[in-house]
Trainee: 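Following this message is one structure expressed as structure tokens.
Remember, it's 1-based here, ligands and their atoms both numbered in the order they're listed.
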Amino acid sequence: MSEENFEYDLIVLGAGSGGVRASRIASSYGAKVAVIEEDRPGGTCVLRGCIPKKLMVYGSEFKKQVNDAKEYGWKVKNLEHDWDVLNASIEKELDRLASIYINILKNSGCRVITGKAHFISPSEIKVNNEILTGKKILIATGGLPYLPDIDGLKENAITSNEALKLPSLPKSIAIFGSGYIAIEFAFIFNGFGTDVDLIYRSDLPLRGFDYEIRKNLENELKNKGINLFPKSKINRVFKEDKIIIDLENNNNIRTDQLLVATGRKPNTSQLKLEDIGVELNSEGAVIVDDSSKSNINYIYAIGDVTNRINLTPVALGEGHAFADREFGGLNKYFNYEDVPCAVFSQPPVSVVGLSEEDAIDKGYEIKIFTSNFKPLKHTISGNNERSFMKLVVERKSNTVLGAHMIGSDAPEIMQSIAIAIKAKLTKQDFDLTIGIHPTAAEEFVTMRSSRD
Ligand code: NDP
């Protein structure tokens, strides 16, 4: 097809965070852009992930906060929760955000098409009986929950999609998995008063995180009364008056709801990518190079559909860099080093850079600085939540390789620490920084003796 025959300079499949950012920036450089989305614009983060989840985290924390207030002299009678009000408030906010996304796209001159799209050739997309031609096509279709193949699991389980809009609060819930989603929902439901069982195959939750963070998180889960079933395998699931989860070690769990949070898989199965020869890995992720280009010229992919680092800011960065390079003539590439992250447990976890174990695996000689304390607020409240902070420092250069925290406000604190890690600052730079007193954050600049 000759260049002038293309209807669009760019067709974007998926109006999530990455797709919308790429569309808007490409359009700002003068590209003619069409964006196809089967749902409302917003994607996983806005509609089925980060935003409703964090609102639920806030909602679930109030009961604990009211309890904390008692020793500060507050008397609260008849604390009651109305699940319908919470659902309605969240839905209202999601409507607002989805319409902002539509406006961003429309105001930047993109055509927004609602429908299910698939490739019919490397430059042709079919949607709602229309065929669009694009000079470049960007796949930004995100991911979907993955459920292991276990007898009765799919029939009796919900995923995070449904957990975010349950018609009523369950009395009990079992959660399968111990990654980001499982941990966040365990604390959310616990906070609202649901009896929570957490079933996972490893010995500790949050595989891949620093060992001490995982141990401290395990303590916080236990402190909150969440029932832990580590090193557990599910044989089968069936329904009687309740959902019965039959574990391999002969334990049976009876529960009202079963939430499966055993990872997500790239959303590529409906796109007919195999028909046009786009290479996928064994999980169905589009294989891309450093410029997010697939093995087929002019077909690109960003975000969770590529299964690189599945976080919203990464998808935004990949989408922005793609548009800057391909339509703005800039030499921009997303840098995957030292991407900070957070798990919104209660208290939250946040980390940037290398864990102690990863630093050792990479051959660094390291010093470890830690601080473990009861937050000032809880010296009075009686709440037994603690804070734990850790710096991983290279012995020779004194460079801080990693920072880790579980405790109140960890993600808010870690965002600024991430600048220091990205700038490759040393422990001495941290030591020269004056603390803000009294805060938890000041511990990051006052840890004086290493653990050896
Ligand atoms: P994760 O990859 O974080 O965790 C998956 C969990 O499922 C792990 O506990 C894993 O066990 C377990 N698991 C996987 N396969 C099986 C199996 N066959 N049988 C039993 N257990 C299994 O996935 P999530 O679903 O929690 O989240 C998906 C992604 O979404 C995250 O990786 C993250 O990138 C993103 N996300 C980010 C959030 C944030 O930034 N706050 C919040 C939510 C999601 P094991 O550890 O033993 O492998």
Trainee: For atom 9 (O) of ligand 1, what is the closest protein heavy atom, and at what distance to 0.1 Å?
Mentor: Ser178 N, 2.8 Å
Trainee: Below 3.5 Å, N or O to N or O, backbone or side chain included: is there any such pair between Leu311 and ligand 1?
Mentor: no
Trainee: Give yes if a backbone or side-chain nitrogen or oxygen of Gly177 is under 3.5 Å from a nitrogen or oxygen of ligand 1, and no if not.
Mentor: no
Trainee: Quick test: of every protein heavy atom, which one is nearest to atom 7 (O) of ligand 1, and how far off is it to 0.1 Å?
Mentor: Thr262 CA, 3.0 Å
Trainee: Without hydrogens or angle criteria, can the side chains of Ser60 and Gln346 be said to hold a donor-acceptor pair below 3.5 Å?
Mentor: yes
Trainee: Give the residue, atom name and distance (to 0.1 Å) of the protein heavy atom nearest atom 41 (N) of ligand 1.
Mentor: Ala342 O, 2.8 Å
Trainee: Kindly determine whether Glu318 and Tyr336 satisfy side chain to side chain donor-acceptor pair (under 3.5 Å), including the steps that lead there.
Mentor: CA-CA 10 Å; Glu318 289 171 348; Tyr336 294 87; 2.6 Å; yes
Trainee: State the atoms of ligand 1, each with its element, that fall below the 4.0 Å cut-off from a heavy-atom position in Lys53.
Mentor: 41 (N), 42 (C)
Trainee: I need the nearest protein heavy-atom contact for atom 2 (O) of ligand 1: residue, atom name and distance, please.
Mentor: Gly263 CA, 4.4 Å
Trainee: Considering Arg201, Lys231, Lys54 one by one, which has a heavy atom nearer to atom 17 (C) of ligand 1 than any of the others?
Mentor: Arg201
Trainee: Taking the six-membered ring of Phe327, is the NZ or CZ of Lys136 close enough (under 6.0 Å from the centre) and on axis enough (within 45°)?
Mentor: yes
Trainee: Out of the candidates Glu385, Glu218, Glu61, only one should pair with Lys224 under the salt bridge (charged side-chain N to carboxylate O under 4.0 Å, His left out) rule; please name it.
Mentor: Glu385
Trainee: Which is it for Glu283 and Tyr146 under the side chain to side chain donor-acceptor pair (under 3.5 Å) test, yes or no, and what are the steps along the way?
Mentor: CA-CA 10 Å; Glu283 274 130 31; Tyr146 154 77; over 6 Å; no
Trainee: List ligand 1 atoms under 4.0 Å from Arg264, heavy atoms only on the residue side.
Mentor: 28 (C)
Trainee: Between Ile309 and ligand 1, find which residue part has any heavy-atom pair under 4.0 Å and reply side chain, backbone, both or neither.
Mentor: neither
Trainee: Side chain, backbone, both or neither: which applies to Tyr200 and ligand 1 if a contact is any heavy-atom pair less than 4.0 Å apart?
Mentor: neither
Trainee: Under the salt bridge (charged side-chain N to carboxylate O under 4.0 Å, His left out) test against Arg254, which residue among Asp246, Asp241, Asp197 passes?
Mentor: Asp241
Trainee: Could you list which atoms of ligand 1 come closer than 4.0 Å to a heavy atom of Glu184?
Mentor: 41 (N), 42 (C), 43 (C)
Trainee: Atom 20 (C) of ligand 1: which protein heavy atom is closest, and how many Å away?
Mentor: Phe176 CZ, 3.5 Å
Trainee: Please verify whether a non-hydrogen atom of Lys233 lies at under 4.0 Å from ligand 1.
Mentor: no
Trainee: Strictly by modelled atom types, are Arg386 and Asn372 linked by a side-chain donor-acceptor pair under 3.5 Å?
Mentor: yes
Trainee: Between atom NE2 of His404 and atom CZ of Phe388, what is the distance when rounded to the nearest 0.5 Å?
Mentor: 9.0 Å
Trainee: Quick one: does Asn227's side chain have a donor or acceptor within less than 3.5 Å of a partner on Val196's backbone?
Mentor: yes
Trainee: Considering non-hydrogen atoms of the protein only, which is the closest contact for atom 31 (C) of ligand 1, and what is the distance?
Mentor: Tyr180 CD1, 3.5 Å
Trainee: Answer with yes or no whether Ala261 contacts ligand 1, where contact means a heavy atom under 4.0 Å from a ligand atom.
Mentor: yes
Trainee: For Asp82, does the CG atom sit with more than 12 other heavy atoms under 6.0 Å from it, leaving out its own atoms?
Mentor: yes
Trainee: Indicate yes or no for a side-chain donor-acceptor contact from Arg214 to the backbone of Leu206 under 3.5 Å, with no hydrogens or angles considered.
Mentor: yes
Trainee: Please write down residue, atom name and distance for the protein heavy atom closest to atom 1 (P) of ligand 1.
Mentor: Gly179 CA, 4.1 Å
Trainee: Quick one: look up the protein heavy atom nearest atom 26 (O) of ligand 1 and list residue, atom name and how far away it is.
Mentor: Ile181 N, 2.8 Å
